[in-house]
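Notes for the one structure printed next.
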Amino acid sequence: MTSDLGGPDLTGDRIEVRSSGPLDGTLVVPGAKNSVLKLMAAALLCDGTTRLTNVPRIADVDIMGDLLAHIGLRVSRPSPDRVELTNDGNITPEAPYQLVERIRASINVLGPLLGRYGRVVLSMPGGDDFGSRPIDMHIEGLRMMGAEFKFAHGELTAAADRLRGARIVFDYPSVGATENIVMAAVTAEGDTVIDGAAREPEVVDLCRLLVSMGGDISGIGTAELRIRGVGRDDLRPAEHHTVSDRIQAATYIASVAVSGGQLTMLDARADDMEMFVRRCRDMGIDISAGTAMLGDREVPSMSVTSTGRLRAVDVQTLPYPGVATDYKPLIVTMLSVADGVGVVTENLYPGRFRYVEELMRLGADITTTGHHAAVRGRPRLSGAPVRAHDIRAGAAMVVAGLAAEGTTTITGVHHIDRGYDDLTGRLAGVGADIVRRHG
Ligand code: EPU
């Protein structure tokens, strides 16, 4: 079975970008990849049709749709920004390797399948190319709720007659483990407390959907989530607007930061990216938050102005509300053309510096030692062919191309497509010299 979300295979495409004059215009920030994929998985928790709006047009939504269709949901896209997932109870709780290896978020079917259907067979997840990303916290939390796990031949088999509420203490606020435990706990027997829960806006968005479905969750947005289980079949489908994507918003801020100019972003939530905005202001970017009308909806907006050269700052990545690791390639790129030396410290993914070699091909002056990158700013970079190694690194290459003399040609564009809804179109729409060439 496959979903009918479609999605082109654009593996051979490339993006050509040139240093552009000041950017000027307005764009709408799409819904968040790291929210919508989990919202889609939550449709497993109830019978009937879950309706999601503000869904970004990205490849990961298509892949997640295929995975959920394989498991037994009917998945359709009645309009470009809506996805509907219908659960007729025809569920086979198995996620095979050929789908799971394409997307890390496939791990998010573990909690809802185990909670509602009592059994899961899951190939171990793949996803991004930045080092080992274990799932021990997911497993440990679900074990405390009564699940039993076996691992053989690359497959994880989990079983539980009925999960029981438990007190689960995380020593690190894992986004994926928090989401899995919440989705498992919402139909478990009794109360679950997650102490040390992740507080990311995307976790909040998932909890809000679960509450609209009839889940009983308190402490949403705090480090202590309390979930009172309802009956296994007591949740009902809901319609939900996906929260806007703070990382895509940050990409447009970085683009205007290195190009100069002014940009108004609609459906951009400054409150969800406070520390990033603070660091950007320290670099000399003027950012103000407000509201604006988008059709008949009042939405949060941000206005971004950049004039003159950026100033170097030091930044470290941390779980929310700290500066997210996903912003880091953008920050390193901005620092590559800032005045002075900035030190960027990665605290989440040890291997997430691969894009640095690509930036150095563009003339960036960067020294990495362990978790640290020291970036000495240059007035301009110099265009060259580069490769996108993952989603965020790919977006950073586009921003770097805007800061480089000559042409920067980016391959590995399929990585960018996993998380960005028409990055080239949106940037071209505000005056960037950027074009996508097909395979
Ligand atoms: N970790 C463990 N054990 C676990 C779970 C996590 O050691 O059981 C470690 C990971 O190895 C990593 C750190 O904890 O070093 C963070 O992992 P977390 O579970 O918080 O992240 P995730 O759920 O796997 C999501 C996003 C990532 C984003 C991180 C951090 C999705 C699909 N992915 O991953 O997004 O970087 O949170 O904010 O939501 C991206 O969008 O490009 C991306 C990689």
Side-chain angles (χ1 to χ4, degrees), residues 30-42 56 58-61 63-64 67 100 102-111 122 124-144 149 156 168-183 194 196-206 223 242-243 245-251 272-273 275-276 317-330 346-352 354-355 371 388-396 414-421 423:
K33 165 181 87 79
N34 287 348
S35 181
V36 75
L37 301 176
K38 330 304 171 58
L39 302 176
M40 291 171 77
I58 56 173
D60 271 13
V61 165
I63 301 170
M64 193 68 176
L67 174 63
V100 166
R102 294 170 64 196
I103 184 170
R104 164 91 184 167
S106 50
I107 187 70
N108 280 98
V109 301
L110 182 60
L122 180 78
M124 293 303 280
D128 306 279
D129 183 17
F130 39 86
S132 142
R133 296 171 69 185
I135 57 164
D136 52 307
M137 293 168 67
H138 304 237
I139 293 175
E140 188 55 30
L142 292 168
R143 238 185 215 138
M144 291 178 76
F149 287 88
L156 189 67
I168 295 164
V169 182
F170 284 158
D171 60 357
Y172 176 87
S174 158
V175 171
T178 301
E179 292 164 337
N180 250 333
I181 302 297
V182 172
M183 284 195 276
I194 309 176
R199 300 162 53 191
E200 270 71 0
E202 297 76 24
V203 178
V204 169
D205 203 30
L206 173 65
T242 311
V243 72
D245 193 324
R246 60 199 166 108
I247 316 292
Q248 290 190 70
T251 306
D272 287 352
M273 46 197 309
M275 292 310 297
F276 177 80
T317 63
L318 284 170
Y320 193 82
V323 174
T325 178
D326 294 336
Y327 297 129
K328 195 191 55 182
L330 300 168
E346 168 65 57
N347 290 313
L348 277 84
Y349 299 121
R352 209 177 195 184
R354 265 187 87 184
Y355 61 92
H371 291 200
H389 288 293
D390 68 61
I391 307 173
R392 311 302 170 193
H414 61 285
H415 284 296
I416 299 176
D417 292 333
R418 285 189 48 205
Y420 281 85
D421 180 337
L423 179 62

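Read the numbers this way: they start at 1 and go in the same order the structure lists the ligands and their atoms.
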Polar atom proximity, Gly176 to ligand 1 (N or O, under 3.5 Å): yes
Element-labelled atoms of ligand 1 that are located less than 4.0 Å from some non-hydrogen atom of Tyr172: 13 (C), 14 (O), 16 (C)
Heavy-atom proximity to atom 8 (O) of ligand 1, best of Glu202, Lys38, Met137: Met137
For Ile135, the ligand 1 atoms whose distance to one of its heavy atoms is below 4.0 Å: 4 (C), 8 (O)
Side-chain touch Phe149/Leu156, heavy atoms, less than 4.5 angstrom: yes
Distance (rounded to the nearest 0.5 Å) between Asp136 CG and Arg143 CZ: 10.0 Å
Subset of ligand 1 atoms that lie under 4.0 Å from at least one heavy atom of Asp326: 27 (C), 28 (C), 35 (O), 36 (O), 40 (C), 41 (O), 42 (O), 43 (C), 44 (C)
Ligand-side contact atoms (ligand 1) for residue partner Tyr349, heavy atom cut-off under 4.0 Å: 12 (C), 15 (O), 21 (O), 27 (C), 28 (C), 29 (C), 30 (C), 34 (O), 36 (O)
Min heavy-atom dist Pro134 to ligand 1 below 4.0 Å: yes
Test salt bridge (charged side-chain N to carboxylate O under 4.0 Å, His left out) applied to Asp205 - qualifying residues, sequence neighbours left out: none
CG-CG distance between Asp272 and Asp245, expressed to the nearest 0.5 angstrom: 10.5 Å
Value rounded to 0.5 Å, distance of OG1 in Thr178 from CE in Met183: 11.0 Å
Residue Lys33 vicinity, atoms of ligand 1 by number, heavy atom under 4.0 Å: 40 (C), 41 (O)
Min N/O separation Leu37 to ligand 1 under 3.5 Å: no
CG-OG1 distance between Leu37 and Thr242, expressed to the nearest 0.5 angstrom: 9.5 Å
Atoms of ligand 1, numbered as shown, that sit under 4.0 Å from any heavy atom of Thr325: 36 (O)
Test item: Asn34 and Asp326 side chains (from C-beta on) under 4.5 Å apart, heavy atoms: yes
Numbering as shown, the atoms of ligand 1 that approach Arg104 to under 4.0 Å (heavy-atom distance): 24 (O)
Any N/O pair Val175/ligand 1 closer than 3.5 Å: yes
Side-chain touch Lys33/Glu202, heavy atoms, less than 4.5 angstrom: no
Contact check: Glu200 vs ligand 1, nitrogen or oxygen atoms, below 3.5 angstrom: no
Note, Leu142 side chain near Ile181 side chain (heavy atom, < 4.5 Å): yes
